[in-house]
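First comes the structure, then the notes that go with it.
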Amino acid sequence: MSRLSLNAVLVSTVGLAAMLPAEAGELPNPLEDEDYLHDGAPDPKLIELGRMLFFDPILSGNRNISCGTCHDPSRGTGDDLALSIGEGGEGFGADRHSGRSGVTGRVPRNAQPLYNIGARSYRAFFHDGRLEPDAAGVFKSGFWSPAREHLPEGLDSLLAAQAMFPVLSPVEMAGQKGENPVATAVAEDRPADAWDLLAKRLSGIGVYREMFREAFGSSKVSFVQAANALAAFQAVAFRSNGSPFEQTLRDGEFARLSDDVWAGIDLFYGRAGCDSCHSGPLMTDHGFHAIAMPQTGPGKGHGSDTSYWHASGFMDRLEDEGRFRVTFEKEDLFSFRTPSLLNVALTGPWGHSGAYDTLEGIVRHHLAPQASLEAYQGTELPVLDAVIEQTGKGSKLIFRPVNPARRNAFDRRDTWVQTNVRLTNRIAEANDLEPIELSDREVGQLVAFLESLTDPAMRDRQDLIPERVPSGLPLQPPPQSSR
Ligand code: HEC
Ligand code: HEC
């Protein structure tokens, strides 16, 4: 038995925090009902409506992808990919690829896990926190967001506001201009029309009309209501506070955790200083930090670098400058939100662009961020078998397969930032995580601790996926019975 757990057994009436060595920080209190939206208990009618909407491709412009495709409850609420393949893709998880009709490219960031996403403590969503409460009271919606003044009133939480956005992303759910009216509204910066078109689709389906009426007491369907229902569902479905670590914080059954886990806790909350960012019950400070994380894939098109554009002929810029693009503060360059670590063992690949496919890899990155960035060898991205690009303008606008002669030039975007010394130097220079030295054994102990953050009840939540959805469209992802 380790020193810590032995100690703990001897003084089990004292709080667990008191058991830790003096230099360790404070251990968190696990989350309780009141820490979640609706005090953890939204109206069941709202939850069920949200569940249907979450898995129904009806919310995508071309009716071919649902929230659940990228946030699959049997895949750690992700898609097992470093970078998602959105609308136009086919298949699920690691088998997903660009479908026959082709895709315009990859989703530029890793699909974020949704565990405990209904915790009230969240104060910014997305890797760069571009959706936040509007403390200054500028927008009637109550939120700062990429939709600015277009975001309507009536969204009952930050999480509900988030649900307004995936449907507006051409590469995620909306599709491309000209393919469907939702995508065209998006492309013409008419988000309110896009939301209305989707609400109209829903109200054209009898089962949905009835479900909305039961949940909201009125037969008028709006996308704001859909977003409120999606939030209620996510808050309940992905609530997870039953990991061995949290159980132990609650009941003081110290022997539940192995010696290695205790040694990992000791490091995490002590010498390794992980809790200076991964703090509190969700193991995040909700803040933004630059930790020299490598960029994989095409990025968000931030930055002013035009080297790819000049070299390839594709009019694209490729960097992902993270939080900087929201605040335009220099110290936010290449900063990303500290992720929650609850269930982290289920949520790989890790990092905002899925740069690491092992927990050990991402932990080691933290020990020597700049050296790790320099030595980074890249990660496997699924092959895009068919890619399309926009040609022409206005009424002549169409999407065509990328000319095979230009395909190599297109594909170079996947590793452009990684292999460009000037661009990786910018990421390295922005780093604000101090290197530390840990032995291989200690790295193993940290990984053992991270693995003790997995809630057994979350290993596979296929049961959340309905057998069918009200639109009658093929389910995304497929239901349990057909796997
Ligand atoms: C094509 C894949 C894809 C689809 C479809 C998709 N998402 Fe996501 N989701 C992502 C990615 C990628 C991010 C991170 C985006 C970023 O930071 O720019 C994300 C972020 C989120 C977040 C923010 C989490 C956080 O910690 O900040 C929530 C919540 C979410 N998605 C819910 C949804 C809902 C609800 C839907 C359906 C309406 C949906 N997603 C559809 C890929 C997807
Ligand atoms: C300076 C703040 C900071 C410190 C200290 C820190 N982290 Fe992180 N950590 C982050 C940020 C920010 C990210 C996400 C970076 C990104 O995606 O670009 C992250 C990502 C991670 C991830 C990947 C999670 C995911 O969902 O992708 C793990 C695992 C992790 N950290 C573990 C640790 C461990 C273990 C330590 C201590 C050795 C530690 N962190 C110390 C800020 C920090």
Side-chain angles (χ1 to χ4, degrees), residues 50 53-55 57 59-60 65-71 76-79 81 83-87 89 96 106-118 122 124-131 158-160 162-167 169 171-173 226-227 230-231 233-234 238 264 267-268 271-279 283-285 287-295 300 320 322 334-341 343-345 347-356 359 361-367 369 427 431-434 436 438 442-443 446-447 449-450 453 476:
L53 294 169
F54 191 86
F55 294 105
L59 295 190
S60 61
I65 184 168
S66 80
C67 312
T69 310
C70 300
H71 300 288
T77 66
D79 52 13
L81 298 173
L83 301 173
S84 304
I85 296 180
E87 94 84 38
R96 194 161 169 81
R106 303 180 192 283
V107 173
R109 290 182 181 154
N110 183 256
Q112 287 171 292
L114 301 183
Y115 296 116
N116 296 306
I117 203 70
Y122 272 104
F125 282 131
F126 296 116
H127 288 290
D128 52 15
R130 64 187 177 276
L131 172 64
L158 189 64
L159 186 58
Q162 192 286 331
M164 303 294 282
F165 290 94
V167 299
S169 161
V171 68
E172 283 188 8
M173 293 184 84
L230 279 164
F233 166 68
Q234 295 175 82
F238 307 125
L267 285 164
F268 191 95
R271 188 159 57 84
C274 311
D275 68 330
S276 65
C277 299
H278 297 283
S279 56
M283 311 184 75
T284 167
D285 56 1
F288 300 85
H289 305 276
I291 66 166
M293 191 60 72
Q295 178 182 322
K300 290 286 286 180
D320 186 341
F334 303 104
S335 294
F336 294 87
R337 198 189 67 202
T338 311
S340 167
L341 297 183
N343 295 311
V344 70
T347 66
W350 294 273
H352 69 269
S353 66
Y356 291 96
L359 270 180
I362 189 133
V363 171
R364 285 192 186 277
H365 174 87
H366 281 71
L367 307 184
I427 302 176
N431 173 58
D432 50 34
L433 177 59
E434 288 282 318
I436 42 163
L438 295 182
E442 289 169 321
V443 171
L446 277 174
V447 170
F449 171 50
L450 295 176
L453 301 172
Q476 293 267 335

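As the structure lists them, so they are numbered: ligands from 1, and atoms in each ligand from 1.
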Main-chain N/O of S340 paired with T284 side-chain donor or acceptor, under 3.5 Å: no

Proximity to ligand 2 by part of H127, non-hydrogen separation under 4.0 Å: neither

Within-4.5 Å side-chain heavy-atom neighbours: F165 and E172: no

Identity and distance of the protein heavy atom lying nearest atom 15 (C) of ligand 1: F126 CD2, 3.7 Å

Sub-4.0 Å heavy-atom approach of L131 to ligand 1: no

Heavy-atom side-chain proximity of H352 to N110 below 4.5 angstrom: no

Protein heavy atom at shortest distance from atom 26 (O) of ligand 1: R337 NH2, 2.6 Å

For atom 25 (C) of ligand 2, closest protein heavy-atom neighbour: W350 CD1, 3.5 Å

Taking atom 23 (C) of ligand 1 as the reference point, the nearest protein heavy atom with its distance: Q112 OE1, 3.4 Å

Ligand 1 atoms in contact with V107 (distance to a heavy atom under 4.0 Å): 1 (C), 12 (C)

Subset of ligand 1 atoms that lie under 4.0 Å from at least one heavy atom of G86: 1 (C)

Numbered atoms and elements of ligand 1 in range of I117, under 4.0 angstrom, heavy atoms: 24 (C), 25 (C), 26 (O), 29 (C)

Atom 12 (C) of ligand 2 - nearest protein heavy atom and its distance: F336 O, 3.4 Å

Rounded distance [0.5 Å steps], CG in L450 versus CE in M283: 7.0 Å

Nearest neighbour in protein (non-hydrogen) for atom 13 (C) of ligand 2: P339 CD, 3.2 Å

Identity and separation of the nearest protein heavy atom to atom 29 (C) of ligand 2: I362 CG2, 3.7 Å

Atom pair CG (L433) and CD1 (I291), whose distance is rounded to the nearest 0.5 Å: 6.0 Å

pair F125-L158: side-chain heavy atoms closer than 4.5 Å: yes

Per-residue contact class, H352 against ligand 2 - non-hydrogen pairs under 4.0 Å: both

Check: H278 side chain, P339 main-chain N or O, donor-acceptor pair, under 3.5 Å: yes

Heteroatom distance test (H278, ligand 2): nitrogen or oxygen, under 3.5 angstrom: yes

Ligand 1 atoms in contact with S66 (distance to a heavy atom under 4.0 Å): 5 (C)

G351: numbered ligand 2 atoms lying under 4.0 Å from its heavy atoms: 17 (O), 27 (O)

Heteroatom proximity flag, R109 to ligand 1, N/O under 3.5 Å: yes

Residue G273 vicinity, atoms of ligand 2 by number, heavy atom under 4.0 Å: 5 (C)

Identified salt bridge (charged side-chain N to carboxylate O under 4.0 Å, His left out) partner of D128 from the options K300, R337, R109: R109

Which residue and heavy atom of the protein sit nearest atom 28 (C) of ligand 2, plus the separation: L341 CD2, 3.7 Å

Side-chain heavy atoms of I427 within contact of M293, under 4.5 Å: no

Protein heavy-atom partner closest to atom 39 (C) of ligand 1 - residue, atom, separation in Å: P166 CG, 3.4 Å

Gap between atom OG1 of T347 and atom OH of Y115 - 0.5 Å precision: 7.5 Å

Metal site atom 8 (Fe) of ligand 1: N/O/S of H71 inside 2.8 Å: yes

Rounded distance (nearest 0.5 Å) linking atom CD of Q234 with atom CG of N116: 12.5 Å

pair T338-H289: side-chain heavy atoms closer than 4.5 Å: yes

Structural part of D432 in contact with ligand 2, heavy atom criterion under 4.0 angstrom: neither

Ligand 1 versus C67: contacting region, heavy-atom distance under 4.0 Å: both

For ligand 2, the portion of I291 having any non-hydrogen atom under 4.0 Å away: side chain

Nearest neighbour in protein (non-hydrogen) for atom 22 (C) of ligand 1: Q162 NE2, 3.4 Å

Side chain S279, main chain S276, donor-acceptor under 3.5 Å: no

Enumerated ligand 1 atoms positioned under 4.0 Å from heavy atoms of F125: 25 (C), 27 (O)

Under-4.0 Å heavy-atom contact with ligand 1, by part of L159 that carries it: side chain

Per-atom contacts of ligand 2 with L433, taking only distances under 4.0 Å to non-hydrogen atoms: 1 (C), 4 (C), 5 (C)

Atom indices of ligand 2 within 4.0 angstrom of C277 heavy atoms, with elements: 1 (C), 2 (C), 3 (C), 4 (C), 5 (C), 42 (C), 43 (C)

Protein heavy atom at shortest distance from atom 1 (C) of ligand 1: C70 SG, 2.7 Å

Side-chain heavy-atom pair W350, V363 within 4.5 angstrom cut-off: no

Spacing of L230 atom CG and L53 atom CG [to the nearest 0.5 Å]: 5.0 Å

Point-to-point distance, once rounded to the nearest 0.5 Å, from CG of L453 to CZ of F268: 7.5 Å

Under 3.5 Å: donor-acceptor pair, side chain of S84, backbone of G86: no

Mode of C274 contact toward ligand 2 - side chain, backbone, both, neither (heavy atoms, under 4.0 Å): both

P113 N/O under 3.5 Å from ligand 2 N/O: no

Aromatic centroids of F238 and F233 separated by under 6.0 Å: yes

Heavy atom of the protein closest to atom 11 (C) of ligand 1 (residue, atom name, distance): A111 CA, 3.6 Å

Side chain S60, main chain I65, donor-acceptor under 3.5 Å: yes

Ligand 1 N/O within reach of R130 N/O, cut-off under 3.5 Å: yes

Polar proximity ligand 1 side, Q234 side, N/O cut 3.5 Å exclusive: no

Pair Y356 and H365, ring centroids less than 6.0 Å apart: yes

H366 contact mode with ligand 2 (heavy-atom cut-off under 4.0 Å): side chain

R364 and V443, any side-chain heavy atoms less than 4.5 Å apart: yes

Residue-ligand contact N110/ligand 1, heavy atom below 4.0 Å: yes

S276: numbered ligand 2 atoms lying under 4.0 Å from its heavy atoms: 5 (C)

Any side-chain heavy-atom pair of T69 and R96 under 4.5 Å: yes

Sub-4.0 Å atoms of ligand 1 with respect to non-hydrogen atoms of L114: 28 (C), 29 (C), 30 (C)

